[in-house]
Amino acid sequence: MSKIILTIDDSRSMRDMLRLALSETGFEVVQAIDGVDGIEILKGCNPDVIVTDINMPRMDGFGVIEAIRKDPLKRTIPILVLTTESDAAKKLRAKEAGATGWIIKPFDPVKLVAAINRVTA
Amino acid sequence: MDAMAAIRKTFFEECEEQLAELESGLMAMNEGTADRETVNAVFRAVHSIKGGAGAFKLTDLVAFAHTFETTLDYIRSDRLVATPDAMHVMLRAADVLADLVRLSRTGEPISASIWKQLAQDLEVLNPIEGASNAPSNAALAISVASSDDYQLNGGNEDFAPAMIDIGDFEMSDGIPDPVQNVFNISFRATPALYEKANEPAFLFREFRRLGTAEINCRIDELPDFTSHINFGSHLHWDIHLTTEHPIADVRDVFDFVDGDCELDIVDVTPVSPADDEVVVTSDIDTRDEPVTKAETPSGATDALSEAPAVMAGVALATGLPVGLQDHKDKHESAREVAGGTTGAPSSSTIRVELERVDRLINLVGELVINQAMLAQRMIGAGFPSSSPVMLGVDELEQLTREIQESVMAIRAQPVKPLFQRMSRIVREVSDATGKTVRLKVDGEATEIDKTVIERLADPLTHMIRNAVDHGIESAEKRATAGKPVEGTVRLSAAHRSGRVVIEISDDGAGLNRQRILEKAKSKGLVPPDAILTESEIDNLLFLPGFSTAETISNISGRGVGMDVVRRSIQALGGRISISSTPGKGSVFSMSLPLTLAILDGMIVSAAEQTLVVPLTSIVETFKPPRETVHSLGPNASVVKIRDTFVPIVDVGHRLGFTTTPRIDRESVAILIETECGNRHALLVDGIQDQRQVVIKSLETNYGAIEGIAAATILGDGRVALILDVEAAVCATGSKLGHSVSANPSAGALLQ
C-alpha cells in the first residue's frame with residue numbers, strides 16, 4: 001500500500017521535483033498550489049504526510065499548519081516543512097506552529113524520503 | 001528531454017514570472033504605492049528563485065538571491081526603511097538577478113564580478129544589528145544534496161514497537177569504523193511531541209540504520225485503564241544502542257522532536273587504552289517546563305491529538321503492532337478517499353505550446369478563406385440571398401468570425417512585461433549618462449498579439465534609450481530652463497479604433513529642427529535649398545543614416561538608427577510618427593495592428609488589379625466631380641473636399657501598374673488619413689467589397705515591396721495585395737524622392 005503525500009508549494013518547478021522524487025519512490029502524490037488550495041484538497045483526501053512550503057501567496061505554510069492542527073480530523077497528519085535555510089530560528093518557528101519536521105531545500109530525494117519515513121509508519 | 005531537464009525549463013519559465021513580479025513590486029514600492037502584500041510578493045519572488053536555483057546548483061544565482069532576499073527580509077519585517085537610495089540599489093539588484101537568471105539559463109560562465117559589487121551594496125543597506133546575524137555568502141546555509149549522506153534501510157518494513165533486535169542487520173552506509181560506540185539513551189516524550197504528529201516508535205526505527213539497539217519501554221507511569229481515560233504522555237523509553245556512528249548522528253535522530261522531549265544520551269563506550277571512562281552527557285531538552293506537565297490531562301478537546309500516545313501504549317502492553325495496523329487501515333481509507341482527488345489541482349489557466357495556437361490560427365485563416373469561397377460560389381450558383389442555404393452561409397460567416405476572434409485572443413498578451421523591461425533600460429541609461437529620469441507607464445494591461453510584443457522590444461528599447469540619452473537634458477540645463485531636475489519619460493499603450501497606440505514621450509528639450517535640417521543638408525539627404533515644414537523636418541529622423549547626436553554614444557548609437565525603428569514598426573503593419581515642441585519635449589507615437597493575422601479591408605480595383613485597402617485608414621469614399629479636381633504641375637493633382645485641397649494619389653500609377661497617372665476616367669476616390677494626420681485621396685477604378693481578409697506575408701513568400709503591406713487570398717481564390725497606405729502616400733507627401741512607382745516589383749508580381 002503506497003503512502004499518499006500531499007505537497008503544497010506555489011512553485012511549479014518545486015512541485016515537479018517533489019512529484020518526481022516522491023513518485024519514483026512509489027508514493028502517491030497529490031499536489032496543491034498554495035495554502036488555500038492545500039486546505040481545500042485536504043477536505044477530500046487523507047494523506048499520510050503533508051509536505052508544505054513556507055512562503056506562499058494567499059496562505060503561507062504557517063497558516064496551513066495552524067489550520068490543520070486545529071482540525072480535529074486532520075490534526076494527527078505529520079507535516080514536513082520545506083525551508084531553504086537550516087537556520088535554527090526558522091525551524092523553531094515551524095515547530096512552534098506545529099510542524100512535525102522539516103526538509104531543507106534544495107532537497108536530496110533520498111533525504112526527503114527518509115524524512116517522510118521518519119514520521120510515518 | 002529527461003524529467004530534470006523539463007523541470008529546469010519550468011524553473012526558468014517561473015523565474016521570468018518571478019522577475020516580472022519582482023520588478024512590478026519594486027516599482028510600486030518605489031512609487032510608494034506598495035502595501036504589505038506587495039513587499040511580501042517581492043520577497044517571495046526572490047526567495048522562490050533562490051529555492052529553485054539551489055536545486056540546479058546555480059551557485060552564483062543562489063548566493064546573490066540570498067543576499068538580496070536578506071535585505072528584502074529586513075524591509076519586510078520593518079527593520080529597514082526603503083529609502084529612495086535603498087530602492088535604487090534594489091532595482092539594480094533586480095536587474096542583476098535577471099542577468100544571472102539569463103546567464104544560468106543559457107549556461108554561460110558567470111563571473112562573480114557582475115554581482116559581487118551589488119551584493120556588497122545590498123549588505124551595506126542592512127541594519128547594523130543584523131549584520132552579525134545575517135549569514136554571509138561564505139556561510140550560506142545551503143546544503144548541497146549528497147546521496148551518500150545517509151540512507152534509510154527498509155523504511156516501509158514492519159516494526160515491533162516494544163523491542164528491536166537488529167543485530168544481524170547489514171548497514172549499507174557505515175564507513176568502516178573499528179570503534180563501537182555504546183550509548184544509553186533515555187527518552188520521554190511530551191504531549192507537544194504528539195501534537196505535532198511525531199511518533200517515538202518511528203524515531204526508534206532509525207536506530208536500525210545506526211546499529212544494534214535494545215529498546216525498553218517503561219510503562220510504569222501508564223495509568224490504569226479502568227480508572228479513567230487519560231490523554232497524556234505516559235511512556236518513556238530506555239535505549240541501549242551500539243553503533244559505529246558518532247553521537248551527533250544519534251542526536252540527529254531526535255532532530256524533529258528537539259524541545260518536545262526529555263532526552264539524555266550518555267556515552268558509555270568502554271575506552272580500552274586508558275581505561276578511564278569518558279562520559280558524554282547530552283541533554284538537548286530546551287524546555288523549561290517540568291515533565292510532570294505531561295501527566296496533566298490536557299482536556300477532552302485534545303483527545304485526537306493524543307491518540308497515538310495511547311495507541312503506542314496499547315501496542316506495548318500487548319506486544320502487538322497495533323499502531324501499525326491502525327496506520328495500514330488509514331492508508332486504505334485514505335486511498336479510497338483520495339481516489340477521486342489525486343489529480344493535479346484545478347487551475348483557471350493552462351499552458352499551451354505556441355506552435356499549437358499558431359497552427360490553430362492558420363487553420364482558422366484557411367477556414368475564413370474557405371468560407372468566403374463557399375459564399376461566393378453559392379451566389380454564383382444563383383441562390384437568392386433570402387434562401388435557407390444563404391442564411392446558413394451567413395450564419396457560418398458570423399461563427400467563423402467569432403472563432404477567429406477567439407483564437408486571436410489566445411495570442412493576445414498584455415504589454416506589461418515589455419514595459420517592465422523598459423524601466424530597466426531607463427535606469428541603465430540614466431545611470432550611464434548621470435541623469436535622473438523617471439519612467440511613467442500607462443496602460444500596461446493593454447493586450448497585443450504576442451508576436452507584435454516580441455518584435456516591439458528592440459524598437460522600443462532604442463526609442464527609450466534615445467528619449468533618455470538625447471531627449472532629456474542634463475540636470476544643469478533642466479535647472480536653467482526652470483524644469484524639475486528629474487526628467488520624465490512616459491510610456492503608454494491604449495486601444496484606439498482597432499489598433500494599439502504606443503506612445504513614448506519625454507519632457508526634454510524637444511527636437512532641434514535647425515540642427516536636424518543642417519545635418520540632413522550636409523549629408524545630402526535633402527537638397528540645400530529645400531524648404532521643409534516642421535513635420536517634414538521631424539520625419540528626417542527616420543531617414544537611413546541619420547543621427548542627431550554629434551558623436552554616436554555607445555548608448556543610443558549601436559548602429560541602429562530611427563530608420564531601422566521605422567522599418568521594424570512598418571514590418572508589423574504599424575506606423576510611427578513624431579511630434580515635438582521645443583523646450584517641452586517630443587512624442588513618438590506608434591500605431592500597431594492588434595493582430596498580424598487578419599485585417600478589415602476594402603476590396604478595390606485599380607488598373608485591372610484587385611487590391612485591399614486597410615479599413616482603419618479610410619475616412620470616407622466619394623466620386624470626385626470633374627470640377628473639383630485641379631492639376632498641380634504635370635504629374636500632380638489635388639481634389640477639393642469641403643473647402644480643403646487634398647493631394648490625389650493614383651494607386652495604379654503609384655504601384656507601377658500604369659505608366660501615366662490619369663484622372664480622366666470614371667474613378668472613385670478613397671479619402672485616407674495617415675498617422676501624422678495628413679489626408680490623401682486614393683484614386684481607384686471601383687470598390688468591390690468590404691470584408692475581413694487573412695493576411696499572408698509577402699516577405700516570407702516573396703519579398704518586401706514598398707507600398708505593399710502583405711497579400712491575401714480572396715474568396716474566388718485570387719491573390720490580392722494589401723496596400724500599405726502610409727508608404728504609398730508618403731512617397732508623394734514628402735519631397736524626398738522615394739517613389740514606389742520606381743519599384744516595378746508590385747506590378748511584376750501580379751503579371
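All chains are named by letter (A, B, ...) in the order of the sequence lines, taking the proteins before the strands, and each is independently numbered beginning at 1.
- Neither the backbone nor the side chain of B:Phe12 comes within less than 4.5 Å of any heavy atom in chain A.
- In plain terms, the two heavy atoms of A:Asn55 and B:Arg76 that are nearest each other are OD1-NH1, 3.5 Å.
- No more than 12 heavy-atom neighbours from other residues, nucleotides or ligands sit within 6.0 angstrom of CZ on A:Arg93.
- Taking all atoms of both residues into account, the shortest heavy-atom contact from B:Val253 to A:Arg118 is O-NH1, 3.3 Å.
- Contact check for B:Phe256 versus A:Leu80: side-chain heavy atoms found under the 4.5 Å cut-off.
- Of the listed residues (B:Gly52, B:Ala41, B:Ala55, B:Ser48), the greatest number of heavy-atom pairs within a distance under 4.5 Å of chain A belongs to B:Ala55.
- Taken from CE in A:Met17 to CZ in B:Phe56, the straight-line distance is 4.5 Å, to the nearest 0.5 Å.
- In this structure, the side chains of A:Lys95 and B:Asp260 come closer than 4.5 Å at one or more pairs of heavy atoms.
- Taking CZ of B:Phe202 as the start and OG1 of A:Thr100 as the end, the distance is 10.5 Å to the nearest 0.5 Å.
- Using a 4.5 Å cut-off between heavy atoms, B:Glu17 contacts chain A through its side chain alone, with no backbone atom that close.
- Atom OG in A:Ser13 sits 10.0 Å away from atom CD in B:Glu13 (nearest 0.5 Å).
- For the pair B:Phe11/A:Asp16, no side-chain contact is recorded, criterion being any heavy-atom separation below 4.5 Å from C-beta on.
- Counting heavy atoms from C-beta outward, B:Glu14 and A:Met14 have side chains that stay 4.5 Å or more apart.
- The NZ atom of B:Lys196 lies 9.0 Å from the CZ atom of A:Arg69; values are rounded to the nearest 0.5 Å.
- Taken from CZ in B:Arg44 to CG in A:Asp60, the straight-line distance is 8.5 Å, to the nearest 0.5 Å.
- How far CD1 of B:Ile7 is from CZ of A:Arg19: 10.5 Å, rounded to the nearest 0.5 Å.
- Within the 4.5 Å cutoff, no side-chain heavy atoms of B:Glu199 are placed close to those of A:Val119.
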